[in-house]
Q: 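Attaching a single structure in structure tokens format; questions to follow.
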Protein chains: 2
Amino acid sequence: MEASRTLAEVLERDARAAAVTVAERLFAELRDAIVRGDLAPGDKLVEPELARQFGVSRGPLREALQRLEARRLVERAPHVGARVAALSFERLIDLYHAREAVEGMACRLATERCSEGELDALEALLDAHAALEDVRDGTGYFQKEGDLDFHYRIARASRNALVTQLLCDDLYQLMRLYRYKFSAYRGRTPRALAEHRAIVAAMRERDADFAELLMRRHIAGARRNVEAARRRQRKAAGTEPSMHQEE
Amino acid sequence: MEASRTLAEVLERDARAAAVTVAERLFAELRDAIVRGDLAPGDKLVEPELARQFGVSRGPLREALQRLEARRLVERAPHVGARVAALSFERLIDLYHAREAVEGMACRLATERCSEGELDALEALLDAHAALEDVRDGTGYFQKEGDLDFHYRIARASRNALVTQLLCDDLYQLMRLYRYKFSAYRGRTPRALAEHRAIVAAMRERDADFAELLMRRHIAGARRNVEAARRRQRKAAGTEPSMHQEE
DNA sequence: CCGCGTCGGATTGTCGACAATCGCCGTGCG
DNA sequence: CGCACGGCGATTGTCGACAATCCGACGCGG
């Protein structure tokens, strides 16, 4: 039963299993710890401490930190050190704009290039999502990764290595980080599923323009949801620039 | 006289001057060497050799190599080593598709957000380009960086840190690498300038939809130029998958 | 009482050396 | 003659230690 495990988790497991080097394993461990929230945004990452904690030297650890910096999950400054990336509404909205552009293109390319079998698999994935939603309706844990699974597949179907890498390696990890900290998509689950179905329908008709348009509207809708949440929070808490609730 | 020096060169110089650490300096040096063609695509980058050549240890060198890998300028494999990124038509076309998406969005955001002064500066830049083109018409060296200067400014005017970083730090360095190795934009210079002017005109009217559309068509046109070159080469040389002419 | 300079501890950046792994080349066998 | 196997050199990955830099506390002067 592959459907019981989300694609994102499978990719995670693969990345950790294929860690032929200590630095790769550390990178995967730290990435998961950050996305999972085990390391909170803004936390200082002290090299000797982490090295002792993982039982390795500082060399591979620094390599892992640098890879996390490239993925924008940690921020580093020379002679100052590394911190888990700070979260803010502005950055999340920036991220949505970037996703709207790149995923729109991925959807266009996928529409032009993917096989009928891939479209069948996409529809099967959405059927599975719908079934899960019937069981545990509302904001189930499933939605967290299930939505990303759909976008993962679109990205990979684009047959564009650069676009796929941008989405799957860079932007999606950031999305997951924000999702764990900030669930601003309340009640959007059924609507998102319908939008996914419309996208696949356009792809099935090989209407690349329309498929890209639908994908962009899908992501722009999610972004507007976040923008509305930001306005609500600003009105509620006066001038609160950050979105850290805890501590 | 700031106009005599392209924005790209200024950014280069800044990056090297602000190198407070050995790893940063090495990164800038190697990046320039790769873009300049001093290190040819596919060249093996042996750590002890480079370290001795630059008079540093392998530690900072490895860090620089990793940063180059994140920028997709070198490819690394565990226990195998690093090589300068291989060039191919397929990757270049992938790059154009990614640029079309991200730069289109950058142009849209810039249209919505930039000031009138920034638009004035953009038009002044295009005037300078036109003047230079009158003097040294045809395919001047100027065009190489001048075109990117325009796109640099659009990216920065988007006020989106992620989009700006994607374009200026990641994709543009790759474009420069391909431009040095593969000048497939013969005779496009006057046309590109006209398209740039049309983009700024749409931005001046604050027509974000049209500005994005024009930017996307501008980049798509350049991409089709490359695709035509690929077809020509395929017809000429039978089945030549790579675009390395030398060696 | 507050601001500023200085000092000390801690952390990061860099270095050289050791161990693990890969590619190559010669050899032997089918 | 072709191919698989094993040894060997070279390269990469990892480690611990040293030096440079930054952050905080303390003391001093205004």
Side-chain angles (χ1 to χ4, degrees), chain A residues 14-31 33-34 39-86 169 247, chain B residues 14-31 33-34 39-86 169 247:
Chain A
D14 282 358
R16 229 174 317 179
V20 299
T21 193
V22 177
E24 289 183 23
R25 180 174 60 81
L26 278 179
F27 165 70
E29 297 272 351
L30 287 171
R31 169 173 59 86
I34 290 173
L39 291 168
D43 273 6
K44 184 130 205 295
L45 299 174
V46 186
E47 293 177 6
E49 180 182 340
L50 283 176
R52 186 185 51 76
Q53 190 171 337
F54 283 94
V56 297
S57 175
R58 277 181 52 216
L61 181 82
R62 283 176 63 85
E63 199 164 324
L65 288 179
Q66 201 183 334
R67 292 175 69 159
L68 291 167
E69 182 191 17
R71 271 22 183 286
R72 299 175 179 81
L73 288 175
V74 312
E75 299 168 347
R76 284 179 44 161
H79 297 289
V80 172
R83 315 188 79 93
V84 179
D169 292 348
E247 63 186 319
Chain B
D14 282 358
R16 230 175 317 178
V20 298
T21 192
V22 177
E24 289 183 23
R25 181 174 60 82
L26 278 179
F27 165 70
E29 296 272 351
L30 287 171
R31 169 173 60 85
I34 291 173
L39 291 168
D43 274 3
K44 186 138 203 299
L45 299 174
V46 187
E47 293 177 6
E49 180 182 339
L50 284 176
R52 186 186 51 74
Q53 190 170 337
F54 283 94
V56 297
S57 176
R58 277 180 54 219
L61 182 82
R62 283 176 64 84
E63 199 164 322
L65 289 180
Q66 201 183 335
R67 292 175 68 160
L68 290 167
E69 182 191 18
R71 264 45 176 281
R72 300 175 179 81
L73 288 175
V74 314
E75 298 167 349
R76 284 179 48 165
H79 297 289
V80 173
R83 313 188 79 92
V84 179
D169 292 348
E247 63 188 315

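Bear in mind that the values here come from a model prediction, so they are computed numbers and not experimental data. By convention in this document, chain letters (A, B, ...) are assigned in the order of the sequence lines, proteins followed by strands, and residues within each chain are numbered from 1.
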Q: Could you tell me how far apart A:Glu47 (CD) and C:dG13 (C1') are, to the nearest whole angstrom?
A: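 A:Glu47 atom CD is separated from C:dG13 atom C1' by 9 Å.
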
Q: What nucleotide among C:dC22, C:dG13, D:dC23 has an atom nearest to a side-chain atom of A:Pro78?
A: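 Comparing C:dC22, C:dG13, D:dC23 against the side chain of A:Pro78, the answer is C:dG13.
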
Q: Think A:Arg62 has a side-chain N or O under 4.0 angstrom from the OP1 or OP2 of C:dG13?
A: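 Yes.
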
Q: Could you check how far CG of B:Leu26 sits from P of C:dG13, rounded to whole Å?
A: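 Atom-to-atom, B:Leu26 to C:dG13, this comes out as 14 Å.
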
Q: Do B:Arg25's NZ or CZ and the ring of B:Phe27 fall within the cation-pi criteria of under 6.0 Å and 45°?
A: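 Negative - B:Arg25 is either too far from the ring of B:Phe27 or too far off its axis.
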
Q: Rounded to whole Å, how long is the line connecting atom CD of B:Gln66 with atom P of D:dG13?
A: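 To the nearest whole Å, that distance equals 10 Å.
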
Q: Nearest-Å distance, CD (A:Glu24) to C1' (D:dG13)?
A: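 Taking atom C1' of D:dG13 as the reference, CD of A:Glu24 is at 11 Å.
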
Q: Using a 4.0 Å heavy-atom cut-off, write out nucleotides 5-10 of chain D from 5' to 3' as B (base contacted by protein), S (sugar-phosphate only) or - (no contact).
A: ------

Q: Nearest whole Å is fine: how far is D:dG13 C1' from B:Leu65 CG?
A: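 The distance from CG of B:Leu65 to C1' of D:dG13 comes to 13 Å, rounded to the nearest Å.
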
Q: Look up atom CG in B:Asp169 and atom CZ in B:Arg71, then write down how far apart they are to the nearest 0.5 Å.
A: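 One finds 5.0 Å between CG of B:Asp169 and CZ of B:Arg71.
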
Q: Taking the side chain of B:Val46 as its heavy atoms from C-beta onward, which of D:dG13, D:dC23, D:dT11 lies nearest to it?
A: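 Among D:dG13, D:dC23, D:dT11, the one nearest the side chain of B:Val46 is D:dT11.
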
Q: At their closest point, which heavy atom of B:Leu26 faces which heavy atom of B:Ala64, and how far apart are they?
A: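 Taking B:Leu26 first and B:Ala64 second, the nearest heavy atoms are CB-CB, 3.8 Å.
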
Q: From C:dT12, D:dC22, D:dG13, pick the nucleotide closest to the side chain of A:Pro48?
A: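 Of the candidates, C:dT12 comes closest.
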
Q: With sequence neighbours excluded, give me every side-chain hydrogen bond (donor to acceptor under 3.5 Å, both in side chains) pair touching residues 55-66 of chain B.
A: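 Residue pairs with at least one partner in residues 55-66 of chain B: A:Arg62-B:Glu63, A:Glu63-B:Arg62, B:Glu47-B:Arg58, B:Glu47-B:Arg62.
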
Q: Is the shortest side-chain N/O distance from B:Thr21 to OP1 or OP2 of C:dT12 below 4.0 Å?
A: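 For C:dT12, neither OP1 nor OP2 has a side-chain N or O of B:Thr21 closer than 4.0 Å.
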
Q: Which atom pairs, donor and acceptor, lie under 3.5 Å between side-chain atoms of residues 48-56 of chain A and protein residues at least two apart or in another chain?
A:
none

Q: Do you know which of A:Leu45, A:Val84, A:Leu61 makes side chain to side chain contact (heavy atoms under 4.5 Å, CB included) with A:Leu30?
A: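 Result for side chain to side chain contact (heavy atoms under 4.5 Å, CB included) with A:Leu30: A:Leu61.
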
Q: By the 4.0 Å heavy-atom rule, please label B:Leu45 as base, sugar-phosphate, or nothing.
A: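 Sugar-phosphate contact only.
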
Q: Quick one: do A:Val74 and A:Arg83 satisfy side-chain contact (heavy atoms from CB on, under 4.5 Å)? Show the steps, please.
A: CA-CA 6 Å; A:Val74 312; A:Arg83 315 188 79 93; over 6 Å; no

Q: Is B:Arg76 near enough to D:dT11 that one of its side-chain N or O atoms lies under 4.0 angstrom from OP1 or OP2?
A: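 For B:Arg76, the contact criterion (side-chain N or O under 4.0 Å from OP1 or OP2 of D:dT11) is not met.
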
Q: Report the distance from atom CZ of A:Arg83 to atom P of C:dT12, rounded to the nearest whole Å.
A: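 Result: 11 Å.
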
Q: Are there any protein N/O atoms within less than 3.5 Å of an N/O atom in nucleotides 15-20 of chain D, and if so, which ones and at what distance?
A:
unit_1, atom_1, unit_2, atom_2, d
D:dC15, OP2, A:Ser57, N, 2.9

Q: Grab the two heavy atoms, one from A:Ala85 and one from A:Pro41, that are nearest each other, plus how far apart they are.
A: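 Shortest heavy-atom contact: O-CB, 3.3 Å.
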
Q: Quick check on D:dT12: is either OP1 or OP2 less than 4.0 Å from any side-chain nitrogen or oxygen of B:Lys44?
A: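 B:Lys44 to D:dT12 OP1/OP2: side-chain N or O found under 4.0 Å.
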
Q: Return the set of residues passing salt bridge (Lys or Arg N to Asp or Glu O under 4.0 Å) with A:Arg67 (not counting sequence neighbours), or none when no residue passes.
A: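 Here no residue qualifies.
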
Q: Taking all atoms of both residues into account, what is the closest heavy-atom pair of A:Pro78 and B:Glu24, and its distance?
A: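 The pair with the smallest heavy-atom distance is CG-OE2, 3.2 Å.
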
Q: Does the side chain of A:Arg76 reach to within under 4.5 Å of the side chain of A:Leu65, using non-hydrogen atoms?
A: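 They are in side-chain contact.
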
Q: Rounded to the Å, how far apart are B:Glu49 CD and D:dT12 P?
A: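 After rounding, the reported distance stands at 10 Å.
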
Q: Given axes from five pairs at either end, by how many degrees does the helix from C:dC1-D:dG30 to C:dG30-D:dC1 bend, rounded to 10°?
A: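 One end's axis against the other's: 30°.
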
